[in-house]
Amino acid sequence: MYPPIKPYESGFFKGANSENHQLYYEVSGNKHGDPVVFLHGGPGGGTDPKDREFFNPDKYKIVLFDQRGAGKSTPSAELENNTTWDLVKDIEVLRQKLDVTKWHVFGGSWGSTLSLVYAQTHPDRVKSLVLRELRFFYQDGASHLFPEQWEEYLAPIPGSERHDMIKAYHGRLNSSDANIRLAAAKAWAKWEMATSRLTVSADAIAQAEKDDFANAFARIENHYFVNEGFMRDGQLLEKQEIDKIRHIPTIVVQGRYDVVCPVCRYLCDYCMGMKRAWPEITLHIIPDAGHSSREPGIEKKLVEAADIMASKGL
């Protein structure tokens, strides 16, 4: 990772076709550098100052922003007018605001999905893609690997509703009772924070206990999952969609022991499916890593990927 840096520009911009959503953005690195936009995970996770450190600040003009309802964006945890396609439009609003013609797109977890959707919608605006990776995680599968954490995730949900955990949580995360909403949000967020790395991170668990973070992260993520990402099944890997971006240099990084987007499922359904549909991509499986971008092996490979894209002179 590169040393910590401060943004030289930050503020808010109005979401596309919205009077309500105000989105936080920041710019750091080289004012005249190669522009890159970082798309955070979740949905609802927000950005972190450490996200700037994936990029060489001498080479890159580094753009971070918090998606609708996430991080510093307002209103926090807002679900109205919050879809994949709204976010794609927001990225374009920000690109135009910053007077960027084309940029590199760097996304992790949900951010990788959003990166693909954006690139397939606006392929002429993308120089390169660096990507890092449900039912397995939120319904069955990871529960066998983390049984004690799974019990905490189950706790807010009555036995009669546990056949569809995403739907059951959706009801509680949208309850009129603020206490029910917050309890469900913390349980949802803690489950992901507890299982995102090879070894549990105390800092990540502490983050899940913060009211504002848990509420935004859980409500928005669940909202997208209930609505299946606001996309048709398999859309991203359809030939006509891949053909739109086949020319774009792309590196994919995946942790071998990722149980959030697991290698056994993700490789079959996405990574290898993507590799078959789009053989031009470069795919790296990190042997000693889980899901989090903060895993040392994933951090190292993502920095290398960003360096490679900067060196191409795209």
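What you see is a predicted model; the values in this text were computed from it and never measured.
- Separating the OG atom in Ser109 from the CG atom in Leu114 is a distance of 11.5 Å, to the nearest 0.5 Å.
- Put simply, the side chain of Val253 reaches to within 4.5 Å of the side chain of Leu302, judged on heavy atoms.
- Donor-acceptor pairing under 3.5 Å is lacking for the side chains of Asn81 and Ser18.
- Around atom CD of Glu228, no more than 12 heavy atoms belonging to other residues, nucleotides or ligands sit under 6.0 Å away.
- Aromatic ring centres of Trp110 and Tyr224: separated by under 6.0 Å.
- Salt bridge status for Asp243 with Arg246: present, with a side-chain N to carboxylate O gap under 4.0 Å.
- Side-chain atoms of Trp85 come within 3.5 Å of backbone atoms of Phe230 as a donor-acceptor pair (strictly under, hydrogens ignored).
- Here the side chain of Gln67 pairs a donor or acceptor atom with the backbone of His40 at under 3.5 angstrom.
- For the 3.5 Å distance criterion, the side chains of Asp34 and His104 qualify, holding a donor opposite an acceptor.
- Transitive grouping of hydrophobic side chains (ILVMFWY, heavy atoms separated by less than 4.5 Å) keeps Ile91 and Tyr24 in distinct clusters.
- Note that the CE atom of Met231 and the OG1 atom of Thr84 stand 5.0 Å from one another [nearest 0.5 Å].
- Across Gln120 and Leu236, no two heavy atoms sit closer than the pair NE2-O, 2.9 Å.
- Under the 3.5 Å distance criterion, the side-chain polar atoms of Asp66 are matched with a main-chain donor or acceptor of Lys72.
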Let me see the working for Val93 and Lys14 under side-chain contact (heavy atoms from CB on, under 4.5 Å), right down to the final yes or no.
CA-CA 8 Å; Val93 169; Lys14 187 170 70 173; over 6 Å; no
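- A continuous path of hydrophobic side-chain contacts links Ile308 to Ile62 [ILVMFWY only; heavy atoms under 4.5 Å].
- A pairwise comparison of heavy atoms in Thr47 and Phe65 identifies CG2-O, 3.3 Å as the closest pair.
- You'll find the side chain of Ile251 stays beyond 4.5 Å of the side chain of Leu129, heavy atoms only.
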Verdict with supporting geometry, Lys190 and Tyr153, side-chain contact (heavy atoms from CB on, under 4.5 Å)
CA-CA 8 Å; Lys190 187 176 181 181; Tyr153 173 65; over 6 Å; no
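- Remark: the backbone N or O of Gly108 is not paired with any side-chain donor or acceptor of Ser112 at under 3.5 angstrom.
- The two residues Tyr25 and Leu98 have their closest heavy-atom pair at CE1-CD2, 4.0 Å.
- Here the NZ atom belonging to Lys210 is positioned 11.5 Å from the NZ atom belonging to Lys186, to the nearest 0.5 angstrom.
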Using salt bridge (Lys or Arg N to Asp or Glu O under 4.0 Å), reason through Glu238 and Arg232 one step at a time and then give a plain yes or no.
CA-CA 10 Å; Glu238 292 172 355; Arg232 60 186 177 272; 2.8 Å; yes
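- Residue His247 places its NE2 atom among more than 12 non-hydrogen atoms of other residues, nucleotides or ligands, all under 6.0 Å distant.
- The closest donor-acceptor contact from the side chain of Asn222 to the backbone of Ile166 lies under 3.5 Å.
- The minimum heavy-atom distance linking Pro158 with Pro156 is given by the pair CD-O, 3.8 Å.
- Side-chain N or O atoms of Asn174 include one that pairs as donor or acceptor with a backbone N or O of His170 at under 3.5 Å.
- The backbone N or O of Ile5 lies less than 3.5 Å from a partner atom in the side chain of Arg52, making a donor-acceptor pair.
- In this structure, the side chains of Pro43 and Ile220 come closer than 4.5 Å at one or more pairs of heavy atoms.
- Residue Phe106 forms a ring pair (Phe, Tyr, Trp, His ring centres under 6.0 Å) with just one option from Tyr118, Phe54, Tyr60, and that option is Phe54.
- You'll find the side chain of Arg132 reaches within 4.5 Å of the side chain of Ile298, heavy atoms only.
- Remark: Arg181 CZ to Leu173 CG distance equals 9.5 Å, nearest 0.5 Å.
- Clustering ILVMFWY residues whenever any of their side-chain heavy atoms sit less than 4.5 angstrom apart, transitively, puts Ile180 in a cluster other than the one holding Phe213.
- Between Trp188 and Tyr169, the ring planes are perpendicular. Angles over 60° get that label, and only those under 30° would be called parallel.
- Heavy atoms of other residues, nucleotides or ligands lying less than 6.0 angstrom from CG of Asp124 number more than 12.
- Residue Tyr2 holds its OH atom at 12.0 Å from CD of Glu53, rounded to the nearest 0.5 Å.
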Before you tell me yes or no, could you show the steps for Glu192 and Glu221 under side-chain contact (heavy atoms from CB on, under 4.5 Å), namely the whole-Å CA-CA distance, both residues' side-chain angles and the distance that decides it to 0.1 Å?
CA-CA 11 Å; Glu192 182 157 335; Glu221 188 170 70; 3.1 Å; yes
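- Checked by atom type and distance alone, the side chain of Thr74 never pairs as donor or acceptor with a backbone atom of Ser76 at under 3.5 Å.
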Apply the test side-chain contact (heavy atoms from CB on, under 4.5 Å) to residues Met165 and Leu154: give CA-CA distance (whole Å), side-chain angles for both, the deciding distance (0.1 Å), then the verdict.
CA-CA 8 Å; Met165 292 293 287; Leu154 286 176; 3.6 Å; yes
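- Not one N or O on the side chain of Ser73 forms a donor-acceptor pair closer than 3.5 Å with the backbone of Gly69.
- A donor-acceptor pair under 3.5 Å is formed between the side chain of Asn227 and the backbone N or O of His223.
- Scanning all heavy atoms of the two residues, the minimum distance from Gly46 to Ala70 falls at N-CB, 3.9 Å.
- Ion pairing of Glu26 with Lys6 is absent here, as no side-chain N (NZ or NE/NH1/NH2) approaches a carboxylate O to less than 4.0 Å.
- Looking only at side-chain heavy atoms (C-beta outward), Lys50 and Met1 come within less than 4.5 Å of each other.
- Between Asp90 and the options His21, Arg95, Arg68, a side-chain hydrogen bond (donor to acceptor under 3.5 Å, both in side chains) holds for only Arg68.
- Nearest heavy atoms, Pro123 versus Ile245: CB-CG2, 4.4 Å.
- Salt bridge annotation for Lys167-Glu161: absent, with no cationic side-chain nitrogen under 4.0 angstrom from a carboxylate oxygen.
- Residues Leu79 and Arg219 are in side-chain contact: their nearest non-hydrogen atoms beyond the backbone lie under 4.5 Å apart.
- Other residues, nucleotides and ligands place no more than 12 heavy atoms under 6.0 Å from the CG atom of Asp212.
- Atom CD1 in Ile242 sits 10.0 Å away from atom CD1 in Ile248 (nearest 0.5 Å).
- No side-chain heavy atom of Val63 sits less than 4.5 Å from a side-chain heavy atom of Phe38.
- One hydrophobic cluster holds both Val105 and Leu283 under the rule that ILVMFWY side chains link at heavy-atom gaps under 4.5 Å.
- Linking Ile, Leu, Val, Met, Phe, Trp and Tyr residues whenever their side-chain heavy atoms come within less than 4.5 Å leaves Leu87 and Phe12 in two separate clusters.
- With a 4.5 Å cut-off on side-chain heavy atoms, Trp191 and Glu152 do not count as touching.
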